[in-house]
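First up is the structure itself, then whatever we jot down about it.
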Amino acid sequence: MTAQRRIMLQRLAFAGPKDAFSELGFGPGANLVYGASNTGKSLALKAIDFMLGSTRVLPDITERHKYDRVLLTLQLPASGQITLFRSIQGGPFTIVDGMADSIPDGVNRTLSAKHDPKNSENLSNLLLTELGLAGKQHRCVRHEARR
């Protein structure tokens with residue numbers, strides 16, 4: 001039996017100048033995020049999508065204004081723990097090994113947010129490679145119900 005290849009979310013964080021930092025941690029297994037209205041649940045979900053390569057900008061809400069970057073720490077099957085950094089405005093990702101709160105001097109490993117199957121320097125290719133799916137062709141097949 002082969003080992004499971006999975007990517008686990010470990011932490012989502014917003015960081016900014018003047019020590020502004022807010023994080024949401026994830027544990028092994030299923031995680032439940034709950035709370036009253038307007039406490040950030042939807043923003044957290046949109047931020048995870050954003051940090052996995054979405055081009056949709058994050059909602060421009062007042063609570064977000066003190067932050068200038070988003071961090072997502074992942075546990076990858078082959079590479080181990082990494083932290084992705086991305087400007088709250090979008091653009092490329094900077095990757096740091098391990099769990100990090102800031103980008104150390106001299107780190108210049110960046111990946112594009114836009115997928116390009118011919119170029120390995122993008123986030124989706126990194127994640128597909130970690131899952132053993134890079135370079136594979138995928139096709140959706142639609143089955144019509146028979147009467």
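Since the structure is predicted, the reported quantities are computational estimates derived from the model, not experimental observations.
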[X] side chain to [Y] backbone, donor-acceptor under 3.5 Å:
X: Gln75; Y: Gln10; value: no
X: Arg64; Y: Pro59; value: yes
X: Ser54; Y: Asp49; value: no
X: Arg86; Y: Ala113; value: no
X: Thr83; Y: Gly98; value: yes

What distance separates [X] [atom1] from [Y] [atom2], expressed to the nearest 0.5 Å?
X: Leu58; Y: Phe14; atom1: CG; atom2: CZ; value: 5.5 Å
X: Asp101; Y: Phe85; atom1: CG; atom2: CZ; value: 7.0 Å
X: Leu84; Y: Thr73; atom1: CG; atom2: OG1; value: 8.0 Å
X: Thr129; Y: Asn125; atom1: OG1; atom2: CG; value: 4.0 Å
X: Ile95; Y: Leu76; atom1: CD1; atom2: CG; value: 8.5 Å

Item to complete: Mind running side-chain contact (heavy atoms from CB on, under 4.5 Å) on Asp60 and His65 for me, showing each step along the way?
Response: CA-CA 8 Å; Asp60 188 19; His65 292 172; 2.6 Å; yes
Is it the case that one hydrophobic cluster holds both [X] and [Y], taking links as side-chain heavy atoms less than 4.5 Å apart, direct or via other members?
X: Phe50; Y: Leu24; result: yes
X: Val57; Y: Val70; result: no
X: Leu123; Y: Met8; result: no

Minimum side-chain heavy-atom gap [X]-[Y] below 4.5 Å:
X: Asn31; Y: Leu9; value: no
X: Ile7; Y: Pro77; value: yes
X: Arg5; Y: Leu133; value: no

Tell me the closest heavy-atom pair linking [X] and [Y], and the distance in Å.
X: Glu130; Y: Ala78; value: OE1-N, 2.7 Å
X: Phe21; Y: Ala13; value: CZ-CB, 3.7 Å
X: Leu71; Y: Ala100; value: CD2-O, 3.3 Å

Fill in: Ser112: side chain to side chain contact (heavy atoms under 4.5 Å, CB included) partners, not counting sequence neighbours
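For Ser112, the residues satisfying side chain to side chain contact (heavy atoms under 4.5 Å, CB included) (neighbours in sequence not counted) are Lys114, Asn122.
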Discussion item. Assess the residue pair Arg69 and Ile88 against the criterion (side-chain contact (heavy atoms from CB on, under 4.5 Å)); give the C-alpha distance rounded to whole Å, side-chain angles, the decisive distance to 0.1 Å, and a yes or no.
Written reply: CA-CA 5 Å; Arg69 62 196 174 280; Ile88 209 154; 5.9 Å; no
Fill in: Positive for side-chain contact (heavy atoms from CB on, under 4.5 Å) with Leu126, one of Ile82, Leu131, Leu74
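Among Ile82, Leu131, Leu74, the one that satisfies the side-chain contact (heavy atoms from CB on, under 4.5 Å) with Leu126 is Ile82.
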Pairs under 3.5 angstrom only: tabulate donor-acceptor contacts from the side chains of residues 38-45 to other protein residues two or more places apart or in another chain.
| unit_1 | atom_1 | unit_2 | atom_2 | d |
| --- | --- | --- | --- | --- |
| Thr39 | OG1 | Ala36 | O | 2.7 |
| Lys41 | NZ | Gly35 | O | 3.0 |
| Lys41 | NZ | Ala36 | O | 2.8 |

Fill in: Chi angles and distances behind the side-chain contact (heavy atoms from CB on, under 4.5 Å) call for Leu127, His115
CA-CA 11 Å; Leu127 299 177; His115 178 71; over 6 Å; no
